[in-house]
Amino acid sequence: FDAVPTVSKAQVMALVAGDSWLETGANLILFGPPGGGKTHLAAAIANYNQQQGADVAFVTVPDLLDYLRVTFNPNAPVSFDQRFQMVRNIPFLVLDDLTTEGSSWAREKLFQILDHRYVTRRPTVITTYKPADEFDARIRSRLLDKRRCTIFAITGPDYPSRLNRR
């Protein structure tokens with residue numbers, strides 16, 4: 001937790017240790033500038049849940065979209081629908097570096113994934129540097145339901161800057 005000094009280990013352990021977070025299908029949004037430790041923290045949470053027996057997928061959003069697009073190749077080993085359903089239904093998903101930039105196809109697929117996970121109450125961890133008010137209204141409505149969302153604002157200098165001060 002030294003890598004993310006603005007979030008305490010106690011805060012994170014209180015969140016992830018209880019089954020209620022997984023049962024309610026809550027979103028955890030890690031928001032802050034690049035280099036602040038969002039991905040590091042998301043990976044730690046994913047690893048913890050995997051150690052507890054959860055099926056976990058951790059993927060950057062650009063890689064996820066590429067992972068979906070490759071299924072359009074006629075020689076792809078799986079169909080788009082098979083891969084899309086796997087992403088939508090994985091019990092625990094981490095989407096690293098979410099923005100709503102990109103093509104209309106990319107925005108629509110992200111909404112469909114987030115909407116399905118919201119409706120079916122599947123826990124999702126999201127890292128982003130974008131303020132919530134800059135997200136598409138449909139995506140924002142799925143991410144920020146106060147009954148099922150916790151936001152950690154990661155503030156302070158980026159990790160490389162902290163290392164250089166030592």
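Fair warning: this is a prediction, and the values are worked out from it, not measured in the lab.
Q50 is linked by a side chain to side chain contact (heavy atoms under 4.5 Å, CB included) to N47, V56, counting only residues two or more places apart in sequence or in another chain. Checked against side chain to side chain donor-acceptor pair (under 3.5 Å), D97 has no partners two or more places apart in sequence or in another chain. With sequence neighbours excluded, no residue forms a side chain to side chain donor-acceptor pair (under 3.5 Å) with S141. Partners of F80 according to the ring-ring contact (aromatic ring centres under 6.0 Å, His included) rule, which considers only residues two or more places apart in sequence or in another chain, are F72, F84. Checked against salt bridge (Lys or Arg N to Asp or Glu O under 4.0 Å), R148 has no partners two or more places apart in sequence or in another chain. Listed by chain and residue number, nothing satisfies the side chain to side chain donor-acceptor pair (under 3.5 Å) test with Q52 (two or more places apart in sequence, or in another chain). Applying the salt bridge (Lys or Arg N to Asp or Glu O under 4.0 Å) criterion to D63, with sequence neighbours excluded, gives no partner residue. Scored by the side chain to side chain donor-acceptor pair (under 3.5 Å) test, D66 finds R69 as partners (sequence neighbours excluded). For R117, the side chain to side chain contact (heavy atoms under 4.5 Å, CB included) partners are I90, L93, I113, R122, T124, not counting sequence neighbours. The side chain to side chain contact (heavy atoms under 4.5 Å, CB included) test applied to P77 returns no partner, not counting sequence neighbours.
Sorted by first then second residue, the salt bridge (Lys or Arg N to Asp or Glu O under 4.0 Å) pairs that include residues 80-89, not counting sequence neighbours, number zero.
Between the side chain of R142 and the main chain of L114, no donor-acceptor pair closer than 3.5 Å is present. In terms of modelled atom types and a separation under 3.5 Å, the side chain of T60 and the main chain of D96 share no donor-acceptor contact.
Residues Y118 make up the rest of the hydrophobic cluster containing V119, defined by ILVMFWY side-chain heavy atoms closer than 4.5 Å, directly or through other members.
Separating the CG atom in L110 from the CD1 atom in I139 is a distance of 5.5 Å, to the nearest 0.5 Å.
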